[in-house]
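Quick note on labels: first sequence line is chain A, next is B, and so on, each numbered from 1.
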Amino acid sequence: MSDVAHAHGHDEHGHHAHPTGLMRWLTTTNHKDIGTLYLIFALVMLFAAGSMALLIRAELFKPGLQLLHPDFFNQLTTMHGLIMIFGVIMPAFSGFANWQVPLMLGAPDMAFPRMNNWAFWLLPVAGILLMGSFLLPGGAVAGGWTMYPPLYIQGGISYDLTILAVHIMGLSSIMGSINIITTILNMRAPGMTLMKMPLFCWTWLITAYLLIATMPVLAGAVTMLLTDRNFGTHFFNAAGGGDPVMFQHIFWFFAHPEVYILILPAFGIVSQVIPTFARKPLFGYASMVYATASIAILSFIVWAHHMFTVGMPAAAQLFFMFSTMLIAVPTGVKVFNWVATMWRGSMTFETPMLFAIAFVCLFTIGGFSGLVLAIAPVDIQLHDTYYVVAHFHYVLVSGALFSIFAGIYYWLPKWTGHMYDETLGKWHFWLSVIGMNIVFFPMHFLGLAGMPRRIPDYALQFTEFNQIATVGAFIFGFSQLIFLAVVLKTVKGGAKATSKVWEGAEGLEWTVPSPAPYHTFETAPVVK
Amino acid sequence: MDEPVRETAGAYVFHSRPRCALSQGQERRVFWTLAAGAFGIALGFSALGYWLVLPFAGLEVGLLAWAFDALRAREGNYETLTIEGDAVVLEWRKEDGCGRRELNRRWVRIESDCSAPGRHCRISVCSHGCGTEVGQYLNDEARLQLAATLRSRLQV
Amino acid sequence: MAGGNLRAALAVFWSFFGVRRRRDYDADAQNLTPLQVVIAGLIGGVAFVLTMLLVVYLAMQFLK
Amino acid sequence: MKIMWQRTGAALAAWGACQTAYAEYAYNLQEPASPIASQVFHLHNMIMLVCLGIFVVVFGAMFYSLIKHRKSVGHQAAHFHENTTVEVIWTVIPFVILMGMAYPAAKVVIAMKDTSNPDMTIKITGYQWKWGYDYLNEGVSFYSTLATPRTQIENAATKGEHYLLEVDEPMVVPVGKRVRLLITANDVLHAWWVPALGAKQDAIPGFIRDSWFEADKIGTYRGQCVELCGKDHGFMPIVVNVVSEADYKAWVEKKKGAAASAAADNGKTFDQAELVARGEKVYAANCAACHQANGMGLPGTFPAISGSKVATGPIDAHIEVVLNGRPGTAMAAFGKQLSDADIAAVVTYQRNAWANKMGDAAQPAQVAALRGGAEAAAPAAQ
C-alpha cells in the first residue's frame, strides 16, 4: 500500500534488476503487502462467487427452467460454496491476520516472511484451477462443495482438478497457520504476555491450531477420492468393500472445525470493534478466551450432527445431539459478553460499529437456528432443506462476512492513511443488512415447508418466498458495489486519518502513524 | 531485534539479535502439542483403514519441524559491531557457528547492495576486499539507517 | 506439584465451562506449565466424552 | 428495523401455530400426518418459543443500551469489565434451559429409531433419477418417475397444481399401519423424504438403512429426493397415497395382474411399429433425462444416441450396453429395471428414431438370451 522506504536517502551502487510493478508484488515478503494481496484476492473472489449466487437466484425467481441447465446449476452451487469458503472468507481472515497480528504484537514482520509469500501465491493458482474448470468439457465440478462419493466418483476431469486445487489451498492454509502460530508465540514484544494479547490474536491462534489439526484429514479424504476415481481403490466404494458414509465422517471431522475456522476470527474482529466504539474495555476478556478454547475443543466431537440422516444408532444420535447443544453455552457466553461490553458504554455508531452490532444480532439468529438443527429429530426433518441454507448463510454472511466488513472499515484508515466516506459506508451497511435479511429470512420458511436445497426448479407453493429471496439477493449483491467504491475512494485519497483514528481505540496498532509505515516496530515497543 | 544500538562511554556498539519470545523448552512443547494432535487424529483414521491421512499428517509435521528448527536455530544468534578508537570489531553467532573479525577503521567501507531501491538490501562492512554482512536481523529500512549511521561514525 | 496438578485440572474445568476471572487467569498463566495444561486438557477431554457417553447410556436406559 | 419486523412476523407465526391447531402452515413445518411428524412439530414449536424468549430478553437489553448509552445523549462510559457472578449465572441458565430441551428431544430420537414390530415392509431403492419400490410382503415391485411433462418444466405449457411433485406410479400404503422402510440406492446417494410423514433417510448404495412411519389420515403426501444426486436431483419426487385397508387390497391385486401381463409380454414377438411406439414411452421415462428427447445428449457430459456407433452398429452390442450399463460412467445398467419387452422396445426405438434409420428390430427373446449370457458370466467373475 504505502511504501515509505523509498523516502530514505542512500546511495545505491551495485544494485541489480529493479522489481517493478508485478515483480514487486510477486516477490514481496512484507506482511503488510501480503495482507493487502490476501484482501484483494478475497474481494475479487467475492464478486466472482457472488455473481454465481445471483445467477442461482435468478434461475430460482420462477418455477420452471429459464436460464440455466440443471447440470450447470449444480456447477454454480458447488463452485459458489467452494469459492466463498476457501477463496473469500479464509483468505480475508488471513489478510487481517497478516496486517494486524504483527502490528498488535509489536513485531516487525511475520516469523517466516518468505513462506508467507508462498502461502499467498498458491491461492491464485488454486483459484485459476477452480474457475478454469468451467471451460473444460463437462464443465466444473457439480457434486456439491462437500464432495460426497459416489456422485463425486462419476464426474469428469474437473473433479480431479478440484481435488488438486483443494490440496493447494490446504498447503497454503497450513503454511499460513504455521506462520501465524510462530509469530504469535515467538515474535511478541517484551511485556506482551499471552494474557495481554488482543482477542483477535487469541482467536487466530486457536483457529490456526484447528487448521493444523484438521487439514491433513481433508487432504487424506480428497486423496482417497482421487485414488478411488483413478486408481481402482475402494475406500468409499461399497462394491469393493468400502463405505461411502465413512467419507462423510472423515469429511465432517475436518469440516466441523473448519466451520469454526470461518467464525472464530470473526469473533476476534468484533471483540476489537465493540470496545472501541463503546469506549469501554471488553467485558470478561478471560472468559472470552476460555469460551473460544471451549468452542474449539467441542468442535472435534460434534461432526456427525451434519449427517443425522445417514442412519446411525439412537445412542450415536443422542451423543452428537447432546454435545452439539452444549456448544450453545460458550457461544452464549460470547454474545452476553458483547452485550455487557456495550452496556453503560458511551456509544457512537460509525460503520464498523454498525456492522459489529448487526453481527451480534444476526449471528445470534444463526445460532438459534443452529440450536433448532442440533435437536436430532427436528434436524432430520430439516436436513438438506432451505432451512439449513438459511442457517449457514446467517452464520457466514451476517457472521463471517459482516465481521470482515466491520474489520475493513475499522482498520482501513490505519492501512491507507485516509478516512473512508462515512455516508457511503452507512449506505453500504443499511442496504447490506436489509438485503441480507430479505434473501435469507424467507429461506427458513421454505425449508420448514419442505423445499430441498440444491434444486434448480421447485414446486409452485414455494414461489413467493423464492421471489422475495431473489429480489433481496439482487439488492444485497449490488450494494457490494458501494463497498468496492468506498474502498477504492479511500485508497485514492480522502481526509487524513490520525494515528489513533478512533477516539476509543486501544492497542499497539494505534501507536504507529496512519498510514502504517512499510516497516513498523523495528525496535520493539515495551508493553506495560 | 531489541536494543539495536547502545552507546557506552566513547565507544559505539551496535548489537542485534532476532526476536524471540519463547524459551527453548516452550518451543519444544508447542511443537509436540501440535504434532501430537495431527498425528493422533491421523493414526485414528489409519486404524480404521483410511491410512492416506497419515502421509499428509507426516508432511505437515515435517513442515512444522522445519519451522520450529529454524526458530531454534535463530535463537542464540546475535551480531555486535563495536567502534572504539581505531578498532572496528565484529562479533557474531550464526547457524553455522561463531566468528570474530577485527578491522582497522581507516580501511573500512560500508557497502549496501539493494536489488531494488530500498528493497532487499544487504549491507556489509568491507576491508581489504573482503566483506562481512551486518544488520541481518533488521529489515530494509532499519538496515539502510544503520548503514547511514555507520558511515557517519566511520568518517570522524 | 500436586497443588499444580489440581490447579491445572481446575483451569481446564473452567475452560470447558467457558468463564474465567481475570485474576485467576493471570495466576494460571504464571503457575502452570503448558505440559500440565495439555495433559490436564487431554484427561479432561476424555472425562468429558465419557460423561457424555454415560448420559447417553442413562437416556437409552430410562427413556425407552 | 426490517429485521425487527421479520422477527415479529416469525414470533406471531410460531405463536399462532401453537394456538390454532394445524391451520395454515406457510411459516412452519407441514401439517403432520404421523405420530413422529407431530412430535417433531411440537418439539420444534417449543424450541422456537424458548429461542424467541431468550432473543427478546438479550436483545431487549442490547437495544435499550444502544438507545440509552449513546455518546450523543451524553452518556459517560462506565469502566467495569468483569463480574464473575453474573458470568456464572448466564452460563448456568442456558445450560439448564438446554437440559430442558434435551429431555423431550431424546424421547423423540428413541421413538424415531424404534423400527420394531412393523405391519408391513417396503424396500425403497434410489436410482438416478427415479425411485423403485418393492413390497416385500406382497411381492409387488414398480418404479416411480416424475410425471410432470417436459413442456411444463421448459415453460411451454401451463404448470399443473402438483408441478414437479407428481409421479406416474405413487407408493400406496394402508392407513394406520406401521410401515417399515428399507432404504438403499443403486448408484449414488439419494434421500427419501415425505415431510408430512416425518420420515427421512439417506439412501446409500451397498447399504440398507431402515426407517418407519404410520400414517394417521387417508390422503396424498408428497416429498422429494433431498440428497444431491446429480443433474436431475430436483426432478425425482415421491408421492405416497395413504388409502383404506380395502382400497389397498384392491390396489395390490391390480398390480399383481399388471405384473402377470408384463411377464407374458416377454414371451411375445412384436412387429417393428409396435416396438417403436412402446419404446418411445420407455425412452421418455428412462433415457431422455440424459440423452435428451432429441437423442442429441449433452456434449461433454452425456453422449448423443442419434448417429452414435452403438445405435447404428451390431444390435446385440447395443442391447448389452442397455442391459449392463457402462461401468465408471453415469450410464446405468437397466437390466434389472426394465423387462425384456421394454428393453427390446427401447433399443428398437433408438435404432429407428432421429438420424438413425437402421430399420431393424430387437425382440424380447433376443434380450432374454443376452441377459442369460450376462447372468451366467457374472457368478464366474465373482
Side-chain angles (χ1 to χ4, degrees), chain A residues 63-65 70-71 137-138 144 148 150-151 154 238-239 244-245 279-281 283-284 287 309-311 314 317-318 321-322 325 328-329 332-333 336 339 342-348 361 368 371-372 375-378 380-381 383-384 434 437 441 445 448-450 452 454-457 459-460, chain D residues 2-3 6 27-30 40 43-44 47 51 58-59 61-62 65 69-71 75-78 81-82 87 90-91 94-95 98 102 105-106 108-110 112-113 153-155 159 163-165 188-189 191 195 200-202 204-206 209 224 226-231 233-234 300-301 330:
Chain A
L65 296 176
D71 192 52
Y148 285 176
L151 184 61
Q154 282 186 352
V245 175
R279 291 167 181 76
K280 195 163 149 283
F283 186 85
S287 294
T309 60
V310 299
Q317 283 198 356
L318 289 177
M321 178 173 86
F322 292 155
M325 290 170 79
V329 176
V333 166
F336 297 144
V339 174
M342 292 184 227
W343 187 256
R344 293 181 54 209
S346 174
M347 275 183 278
T348 49
C361 243
F368 281 135
L371 183 60
V372 170
I375 310 292
V378 182
I380 288 173
Q381 273 291 40
H383 179 75
D384 266 333
I434 292 168
N437 279 288
F441 208 84
F445 303 134
L448 287 167
R454 295 167 165 168
I455 57 172
D457 192 6
L460 301 181
Chain D
K2 180 78 207 166
I3 324 156
Q6 281 169 343
Y27 302 99
N28 206 334
L29 288 163
Q30 287 185 20
V40 170
L43 195 57
H44 174 254
I47 298 162
C51 289
V58 175
F59 291 96
M62 191 180 90
S65 177
H69 305 151
R70 275 180 295 162
K71 195 185 179 206
H75 194 272
Q76 293 291 313
H81 57 87
E82 195 172 70
E87 287 179 67
W90 71 37
T91 310
F95 189 76
L98 286 175
V108 182
V109 166
I110 287 166
M112 239 178 175
K113 290 307 274 186
I153 295 171
E154 279 149 13
N155 306 311
K159 294 177 173 49
Y163 175 70
L164 289 190
L165 294 179
V188 300
L189 298 173
K200 180 190 279 171
Q201 173 60 52
D202 286 2
I204 302 156
R209 297 285 155 90
Q224 276 176 278
V226 280
E227 180 66 62
L228 180 62
C229 55
K231 182 175 78 69
H233 164 53
T301 317

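- Interface residue D/C229: only backbone heavy atoms are found under 4.5 Å from chain A.
- Residue with the most contacts toward chain D among A/I455, A/I380, A/D71: A/I380 (heavy-atom pairs, distance under 4.5 Å).
- Note: A/Q381 CD to D/H44 NE2 = 10.0 Å, rounded to the nearest 0.5 Å.
- In this structure, chain A has a heavy atom under 4.5 Å from the side chain of D/I204, while its backbone stays farther away.
- Residues that satisfy the side chain to side chain contact (heavy atoms under 4.5 Å, CB included) test with A/S346, not counting sequence neighbours, are A/R279, D/K71, D/A77.
- In terms of heavy-atom pairs under 4.5 Å with chain D, the best-connected choice from A/P377, A/P244, A/P456 is A/P377.
- For A/F336, the ring-ring contact (aromatic ring centres under 6.0 Å, His included) test picks out D/W90, with sequence neighbours left out.
- Both the backbone and the side chain of D/Q201 come within contact range of chain A, with heavy atoms under 4.5 Å apart.
- Contact tally against chain A (heavy-atom pairs below 4.5 Å) for D/R70, D/H233, D/K200, D/K159: the top residue is D/K200.
- Among A/G311, A/G345, A/A314, A/P452, the residue making the largest number of heavy-atom pairs under 4.5 Å with chain D is A/G345.
- Looking at A/I375, the atoms closer than 4.5 Å to chain D (heavy atoms on both sides) all sit in the side chain, from C-beta outward.
- The contact between D/I47 and chain A is made entirely by side chain atoms (from C-beta outward), counting heavy-atom distances below 4.5 Å.
- With a 4.5 angstrom heavy-atom cutoff, A/M325 touches chain D via backbone and side-chain atoms both.
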